[in-house]
Amino acid sequence: MSRFDIVVVGAGISGATLAERYASLGKKVLVLEKRNHIGGNCYDFHNEHGILVSKYGAHLFHTEFEDVWQYVNRFSRWYPYEHHVLAKVDGKLVPIPVNISTVNTIFNLRIRTETEMQRFLSEVQVKPPHEEPRNGEEAALARVGLVLYEKMFKHYTKKQWDKYPHELDASVLLRIPVRTNFDDRYFNDPYQALPLNGYTRLFEEMLRHPNITVRLSTDYFDVKESPEVRECSKVFYAGPIDRYFDYRHSRERKLQWRSIRFEWITLDQEFFQQNSVVNYPDPKDGDFTRIVEYKHFTRQKHPKTTISREYTTDEGDPYYPVPNSENEAISQRYREEAEKLSDVYFVGRLANYKYFNMDQAFKNALDLFHRIEGKH
Ligand code: UDP
């Protein structure tokens with residue numbers, strides 16, 4: 001008899017969810033994780049100063065999915081946390097998403113009502129040449145007009161993607177709403193919260209099951225042919241889809257991914273900036289996209305503070321798929337290959353080459369489990 005029924009590749013949101021669900025059905029699950037820790041890019045830890053930080057950047061949980069909210073609450077207590085982001089524009093800090101305060105500060109206006117804001121926006125908005133915006137530039141211009149586009153979106157997008165908005169799908173910039181009131185929350189979802197003891201503890205709880213074995217520092221492709229992996233009846237693969245099909249040996253052009261390089265600094269002062277995240281859309285302020293100060297998320301009391309400057313790069317672990325038509329066409333061909341395989345399921349951001357939020361990753365993994373096994 002084989003030791004494991006299911007192999008899960010990757011111990012991030014998708015992998016941990018499928019491992020937990022199958023373990024609860026009584027299946028023996030082997031989780032293979034290339035890194036030396038669980039949690040995927042949500043992984044957080046106390047640094048050498050004792051400050052809780054996220055190794056791969058801030059993760060803000062928000063969802064409208066009742067089932068996802070119920071599910072994550074099984075593994076941790078959560079505290080309400082509504083995310084706010086400021087952007088440094090013309091030397092001043094303004095809220096992003098654009099709201100009335102943003103416009104008043106940048107244009108030195110005194111808009112007070114939704115009607116006035118709608119009037120302002122309708123005067124500056126640029127109608128896309130075709131009915132629907134066909135790229136990120138058209139999408140942003142249609143929402144906020146030329147001046148805000150130039151000051152807040154154009155160069156930030158270049159720093160983030162190494163592409164200007166016109167080279168990217170409209171969907172990228174449509175992730176951020178534009179508000180006609182003073183609401184300065186980053187997200188609209190009814191549930192916005194952070195796990196009380198951090199994300200790593202949440203994943204530990206999810207994977208703490210006698211039916212789950214986690215092997216860290218283990219690359220699936222090194223052990224793929226071993227008997228214990230071959231004998232599993234199902235594989236859930238949450239790694240990059242091009243790695244699975246080994247782009248180096250295929251005829252496909254390489255899929256583009258973006259990664260982040262973090263510059264960590266701990267300062268001998270209680271706080272560095274007034275907000276958890278400050279975006280730097282102006283190229284004159286530096287090549288980094290944003291500065292994150294972790295103590296604002298955790299409300300940890302500590303005489304020092306740790307900040308990170310984030311530089312988005314082409315090198316390094318894949319974080320973001322780059323959404324444009326060429327990459328979509330390549331990934332679609334990979335997905336067609338993936339569909340031909342039986343008992344291998346591709347889950348999560350990297351395996352689907354899709355820019356999922358955390359809650360969508362939980363949702364997709366739960367939905368996949370229900371599709372295969374029925375409701376439990
Ligand atoms: N964006 C921008 N300026 C900002 C924040 C975002 O131009 O100050 C653009 C940028 O292209 C980014 C996209 O909007 O990739 C979506 O932003 P979001 O915050 O959703 O990106 P995330 O940080 O989640 O990757």
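Worth knowing before you read on, the calculation uses all heavy atoms, side chains too, and leaves out hydrogens, waters and symmetry mates. This structure is a prediction, so every number in the text was calculated from the model and none was measured. In each ligand, atom 1 is the first atom listed, and ligand 1 is the first ligand listed.
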Would you mind checking which non-hydrogen protein atom is closest to [atom], with the distance to 0.1 Å?
{"atom": "atom 1 (N) of ligand 1", "value": "Tyr156 CD2, 3.5 Å"}
{"atom": "atom 17 (O) of ligand 1", "value": "Ile176 CD1, 3.5 Å"}
{"atom": "atom 15 (O) of ligand 1", "value": "Trp161 NE1, 2.9 Å"}
{"atom": "atom 13 (C) of ligand 1", "value": "Val172 O, 3.5 Å"}
{"atom": "atom 9 (C) of ligand 1", "value": "Thr157 OG1, 3.9 Å"}
{"atom": "atom 22 (P) of ligand 1", "value": "Tyr355 OH, 3.1 Å"}
{"atom": "atom 19 (O) of ligand 1", "value": "Tyr186 OH, 2.5 Å"}

task = Test the Lys151-Phe107 pair against the cation-pi criterion, namely NZ or CZ under 6.0 angstrom from the six-membered ring centroid and within 45° of the ring axis.
result =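 Lys151 over Phe107 ring: no.
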
Measuring only between side-chain heavy atoms, which start at C-beta, is [X] closer than 4.5 Å to [Y]?
{"X": "Met358", "Y": "His62", "answer": "no"}
{"X": "Leu341", "Y": "Tyr244", "answer": "yes"}
{"X": "Pro165", "Y": "Tyr149", "answer": "yes"}
{"X": "Arg201", "Y": "Glu204", "answer": "yes"}

Interfacing atoms of ligand 1 (cut-off 4.0 Å, heavy-atom, Tyr320) =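 That gives atoms 25 (O) of ligand 1.
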
Those atoms of ligand 1 less than 4.0 Å from some heavy atom in Ile96 = 4 (C), 5 (C), 8 (O)

Glu336: which of Arg333, Gln332, Lys340 passes side-chain hydrogen bond (donor to acceptor under 3.5 Å, both in side chains) =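 For Glu336, the side-chain hydrogen bond (donor to acceptor under 3.5 Å, both in side chains) check succeeds only for Gln332.
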
message = Can a donor-acceptor pair be found, under 3.5 Å and without considering hydrogens, that links the side chain of Arg349 to the backbone of Tyr319?
response = yes

Per-residue contact class, Val85 against ligand 1 - non-hydrogen pairs under 4.0 Å =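 Within the 4.0 Å criterion, Val85 makes no contact with ligand 1.
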
query = Is the shortest distance from a heavy atom of His155 to ligand 1 less than 4.0 Å?
reply =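 In this structure, His155 fails to qualify as a contact of ligand 1 - no heavy atom is under 4.0 Å.
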
inquiry  = Please compare Asn279, Thr312, Thr289, Leu174 and report which has the shortest non-hydrogen distance to atom 8 (O) of ligand 1.
reply    = Asn279

ask   = Given Met152, Arg290, Gln160, which one has a non-hydrogen atom that is nearest to atom 3 (N) of ligand 1?
value =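 Looking at heavy atoms only, Met152 sits closest to atom 3 (N) of ligand 1.
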
Arg175, any N or O under 3.5 Å of ligand 1 N or O =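 So ligand 1 has an N or O lying under 3.5 Å from an N or O of Arg175.
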
Backbone or side-chain N or O of Leu173 under 3.5 Å from ligand 1 N or O =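 Min N/O separation from ligand 1 is not below 3.5 Å for Leu173.
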
note = Rounding to 0.5 Å, atoms CG (Leu148) and CD (Glu150) come to a distance of 10.5 Å

task = Heavy atoms only: give me the nearest Ala58-Val292 pair and the separation to one decimal.
result = CB-CG1, 4.2 Å

request  = May I ask you to decide whether Arg21 forms a salt bridge with Glu373, counting only side-chain N to carboxylate O separations under 4.0 Å?
outcome  =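 So Arg21 does not pair with Glu373 through a salt bridge.
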
